[in-house]
Amino acid sequence: MLVRILGGDDAPIYAQIASQLRRAITEGKVAEGERLPPARELAESLNVHMHTVLRAYDELRQEGLVDVRRGRGVVVLGRGQGRARLIELGRAFVAEGERQGLELRDLRKLLGELA
Amino acid sequence: MSAERRLRAWLTAIGALGLLLALAPLFAFWQRLPDPIATHFGLSGAPDGKLGRGLFALFLCALVLLLPCSVWRRAPRPPTAEAVATVPLLLGTAAFMSAVAATSSWLTLWHNGDRAVWSDARHLQPGELLLVLGVPLLAGAAVAIAARRRWAALAVAPAPVDVLPLERGERAYWSGGARNRWFWLIGLGIAIEGGVLRLVVGGSPVGLPVLLVHLAVLVLLEQLSTIRVSVDERALTIRYGHLGWVRQRVALERVERATAFELEPWAHGGWGYRGSLKLGGRAAVVVRAGAAVRLDLRDGTRLSITVDDAETAARLINGFLQRRGEPPAGAVLEQLEAHG
């Protein structure tokens with residue numbers, strides 16, 4: 001499981017971490033039942049605040065990808081039945097739209113046309 | 001001939017020759033042997049252990065075939081220098097074991113031939129032990145030397161150092177693991193044997209210390225049943241056991257290069273923590289066979305660690321090493337920190 005934080009990336013660090021962990025889980029690189037590294041360890045290694053990592057973990061928990069339990073750490077629940085993949089694609093879609101100057105309304109309309 | 005077919009041809013030759021030399025004389029004199037036969041001798045040289053003729057023949061077969069069978073499907077593919085370097089040792093060991101079977105067979109024949117019962121067997125002379133071990137050692141060494149000559153040409157050039165290019169100011173972390181349930185199961189078996197059989201069933205007064213020793217073995221095996229390896233800009237860290245309390249850190253300053261490779265336990269002396277960096281300059285953390293990362297350290301020593309996705313670990317370590325020396329982009333880091 002590789003986590004990279006790019007210097008030139010505009011996305012906030014917690015989002016970069018969450019995005020890469022999400023991809024590792026949906027691609028099956030981290031198997032169901034495996035634990036993610038403790039937040040403190042990841043934070044020290046990446047030289048970021050522990051809250052940044054916890055925020056990324058919390059995002060994954062809300063998406064149903066991991067279970068956060070006291071004492072047991074962060075346990076991967078599975079590939080999320082494709083939902084996480086959709087979220088990943090959706091984020092890329094929104095980011096690309098913003099880059100092209102499109103507003104949320106325009107993106108919605110575009111999605112409606114595609115569906 | 002491919003490396004795989006050549007390795008199998010050598011293994012077949014060593015195994016066939018071993019079986020022939022060990023079994024042919026035994027069967028030729030089968031009717032002139034007592035049953036059971038004397039197979040173990042005390043310090044005085046008098047026979048003190050016996051085995052059925054058939055079982056003894058089976059034991060010789062196992063001795064010859066154990067190694068060839070266990071590595072049959074594990075030919076070095078592709079034949080990297082690393083893999084080829086282990087072949088002479090492997091073939092030498094196979095030849096040694098075949099020769100031990102042969103000399104054991106001859107010696108057993110000599111001691112039991114034309115005797116009515118096993119306890120009448122000829123007494124063992126100290127010099128004969130030299131024969132049992134000396135001949136196999138010579139045979140093993142000869143095969144290893146011959147194999148080294150024949151195999152050296154097969155090695156392909158070492159793989160180029162694989163690097164994950166890292167940008168300035170980029171931060172990265174990698175984590176992977178390796179596990180092997182057998183450590184657990186064996187440890188549990190030993191603990192149950194020590195606890196239930198000796199203490200509860202046997203009720204022996206020496207039971208408690210024995211139980212404690214067995215529990216210690218269980219703890220030790222648990223530590224090796226699962227490891228987690230992480231890499232960041234500063235170090236590679238190995239955490240042993242499910243709780244990861246025991247840690248081993250290798251600062252990247254000490255590392256010259258990292259390489260991913262397929263680790264064969266037989267080439268490192270088996271499973272567990274093999275060797276010693278301080279004493280032998282070589283060490284390996286062998287949890288299972290397969291993907292592993294090797295660290296070549298600046299002091300010339302070498303540490304190998306079995307871990308899944310070792311390729312990414314090696315590339316990341318090489319990436320950090322390559323970037324080293326560049327000025328840290330402090331400003332960029334601060335700015336990013338504010339976002340998080």
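First the proteins, then the strands, lettered A, B, ... as listed; each starts at 1. Basis for what follows: all heavy atoms, side chains included, without hydrogens, waters or symmetry-related copies.
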More than 12 heavy atoms of other residues, nucleotides or ligands under 6.0 Å from CD of B:E253: is that the case?
no
Straight-line distance of A:E34 CD to B:D308 CG, nearest 0.5 Å
7.5 Å
CZ of B:R181: more than 12 outside heavy atoms within 6.0 angstrom?
no
Portion of B:T312 that has a non-hydrogen atom of chain A nearer than 4.5 angstrom:
side chain
Check the surroundings of atom CZ in B:R274: do more than 12 heavy atoms from other residues, nucleotides or ligands lie under 6.0 Å from it?
yes
What heavy-atom pair brings B:D309 and A:M1 nearest, and what distance separates the two atoms?
OD2-N, 4.1 Å
Nearest 0.5 angstrom please: A:L2 CG to B:R315 CZ, how far?
8.5 Å
At what distance, to the nearest 0.5 angstrom, does CD of A:Q20 lie from OH of B:Y173?
13.0 Å
Cationic N near anionic O, under 4.0 Å, A:R4 to B:E167:
no
Atom CD of B:E222 with >12 non-hydrogen neighbours under 6.0 angstrom:
yes
Under a 4.0 Å threshold between the charged nitrogen and the carboxylate oxygen, would B:R228 count as salt-bridged to A:E41?
yes
Are there over 12 heavy-atom neighbours, none belonging to B:R282, within less than 6.0 Å of that residue's CZ?
yes
Working to the nearest 0.5 angstrom, can you tell me the gap between B:R171 CZ and A:S45 OG?
11.5 Å
